[in-house]
Amino acid sequence: MNITEAFQENVIIVSLDGRFDANTSDAVEQFLRVRISESKFQFVLDMANVPYISSAGLRVILAVVKELRRDNKGDLRIANLQKTVAKVFEISGLNNVLGIFKNPDSAIQSFTD
Amino acid sequence: MKVKFWGVRGSIATPLTNIELNDKIKKALELALKAGLNAPWQTPQFIEQLPWYIRKTAGGDTTCVEVETGDNRLIFDAGTGIRPLGLNLMRQEIGKPIEASILLSHTHWDHICGLPFFVPAYIPNNNITIYGTHSKIEDRIRHQQDFEYFPVPLDIMRGIKEFVQLREGESFRIGDIEIDTISLYHPGGCTGYKVSYNGKTIIYATDSEYKELSPEPKPIIDFFRDADLVIFDAQYTMLENIEKEDWGHSSTIIGIDMALKAGVKKLAFTHHEPTYSDEKLWDIFQKAQNYLELQSEKNDLQLYLAYEGLSISL
């Protein structure tokens, strides 16, 4: 899993490249939690290059979102889901509780709407 | 080995309500009208073709699973499901002493409250042994029947011949069955059991939360390794599992990931959330099937939604 980031005003766009599963979820969680500890609370997770997600990946997303939404600190929003991964979000019900956007720009825009 | 589910509900017994029953009848009649049903001989086939959640119910009794081998009968947990199991044994074994080993995962109410209604335990000729890893296992069961809570004390249940105090992680034998135990993550602790007999393996692992599956093989994955059947706590949906962190339960999706990782052959979801209707349980199960297809195109993992009366032969 390759993790890169870009900044747009207060929003951090975190791009993942690779399978998001038990082997990689710890790295993603650690990356996000370091940024949260630095008082960064608005994230867009660009998953254009994530072909696969398992329960371990879903758990990290939900746990981070839960923490960010506590006391209305911020949020993590999802962009660029591949078809199979989007299906997993739908099956798990995550699509009902997360902000999911077609591309990072619309996800970033949603923080100012 | 033959496995039979007598109680599949978690937390508290949940009988089907009249509203739920009426809803099933209404849906069945609407489908009958649509199918143009007009003769009694058509009904058995019509019923068979109804969706599972209309023609069946998961049931409302709390956890109890029976495993029969050639010579031994194991009973996992003594939730309210042990009551009908006991009545069935009394019918089957008329005049013959009943031998059974009750293995308790833990002593939360939904796993022990059926024991005072387990009729074979009252027959002195029977030979029932109760196993558990939790401290003072006999006292815990005894106090459930203190006079303040139940009119009949444990001493009257003369079919219960022995309590076996196990240690966490202990392996032991019952006849020619090998049994291993593992500690599970649940408030107050819970024990998972692995039953090995005649080249087949069954895991009973209810009431457990699996927060993470890290890259290193965790003990629980090794415990599940190559099992023929894993009976798995899937009380919550994935979402609820996160909301109810540390409540000590799991979901179908996590179970599938673990089973795939461990090379499990059959996976039965049980310990159903008491607020879930049959329709919701069926929906969760269909989604679990979809998830399995998406996660792995080539696998032989078979999924089961546990319901009262479900039998699986290995």
Discussion item. Only heavy atoms, only distances under 4.5 angstrom. Which residues in residues 52-65 of chain B are near chain A?
Written reply: none
Response to the item:
Interatomic distance, CG@Asn241(B) vs CG@Leu58(A), rounded to 0.5 Å, equals 11.5 Å
Worksheet item: Is Asp257(B) reaching over with its side chain to a backbone N or O of Ser54(A), donor-acceptor style, under 3.5 angstrom?
Response: no
Discussion item. Just checking Lys265(B): does its NZ atom have more than 12 heavy atoms from other residues, nucleotides or ligands closer to it than 6.0 angstrom?
Written reply: yes
Discussion item. For Glu38(A), I'd like to know if atom CD has over 12 heavy atoms of other residues, nucleotides or ligands within 6.0 Å.
Written reply: yes
Response to the item:
When rounded to the nearest 0.5 Å, the distance separating CD1 of Ile91(A) from CD1 of Ile284(B) is 13.0 Å
Fill in: Residues, nucleotides or ligands: over 12 heavy atoms within 6.0 Å of Trp282(B) CH2
yes
Worksheet item: Checking heavy atoms, do the side chain of Glu243(B), its backbone, both or neither come under 4.5 Å from chain A?
Response: backbone
Practice prompt. Output the distance between atom OG (Ser92(A)) and atom CG (Asn290(B)), rounded to the nearest 0.5 Å.
Written response: 11.5 Å
Fill in: chain B contact via Val88(A) - side chain, backbone, both or neither, heavy atoms under 4.5 Å
both
Practice prompt. For atom CD1 of Ile12(B), decide whether the heavy atoms of other residues, nucleotides or ligands shown that lie under 6.0 angstrom number more than 12.
Written response: no
Worksheet item: Does a sphere of radius 6.0 Å around NZ in Lys73(A) hold more than 12 heavy atoms from other residues, nucleotides or ligands, not counting ones at 6.0 Å or beyond?
Response: yes
Worksheet, complete the sentence: Answer key: most heavy-atom pairs under 4.5 Å with chain B among Leu62(A), Asn96(A), Thr84(A), Leu94(A) is Leu62(A)
Discussion item. Rounded at 0.5 Å granularity, tell me how far CD in Gln295(B) sits from CD1 in Ile53(A).
Written reply: 9.0 Å
Worksheet item: Which bit of Lys66(A) is near chain B, if near means a heavy-atom gap under 4.5 Å: side chain, backbone, both or neither?
Response: side chain
Worksheet item: Is the number of heavy atoms from other residues, nucleotides or ligands under 6.0 Å of Asp246(B) CG greater than 12?
Response: yes
Item to complete: Flag yes if more than 12 heavy atoms outside Asp283(B) fall under 6.0 Å of its CG atom; otherwise flag no.
Response: yes
Worksheet item: More than 12 non-hydrogen atoms from neighbouring residues, nucleotides or ligands closer than 6.0 Å to CD on Gln30(A), yes or no?
Response: no
Worksheet item: Which value, rounded to the nearest 0.5 Å, describes the distance between Ser55(A) atom OG and Tyr210(B) atom OH?
Response: 12.0 Å
Worksheet item: Under a 4.5 Å cut-off applied to non-hydrogen side-chain atoms, are Met238(B) and Arg59(A) in contact?
Response: yes
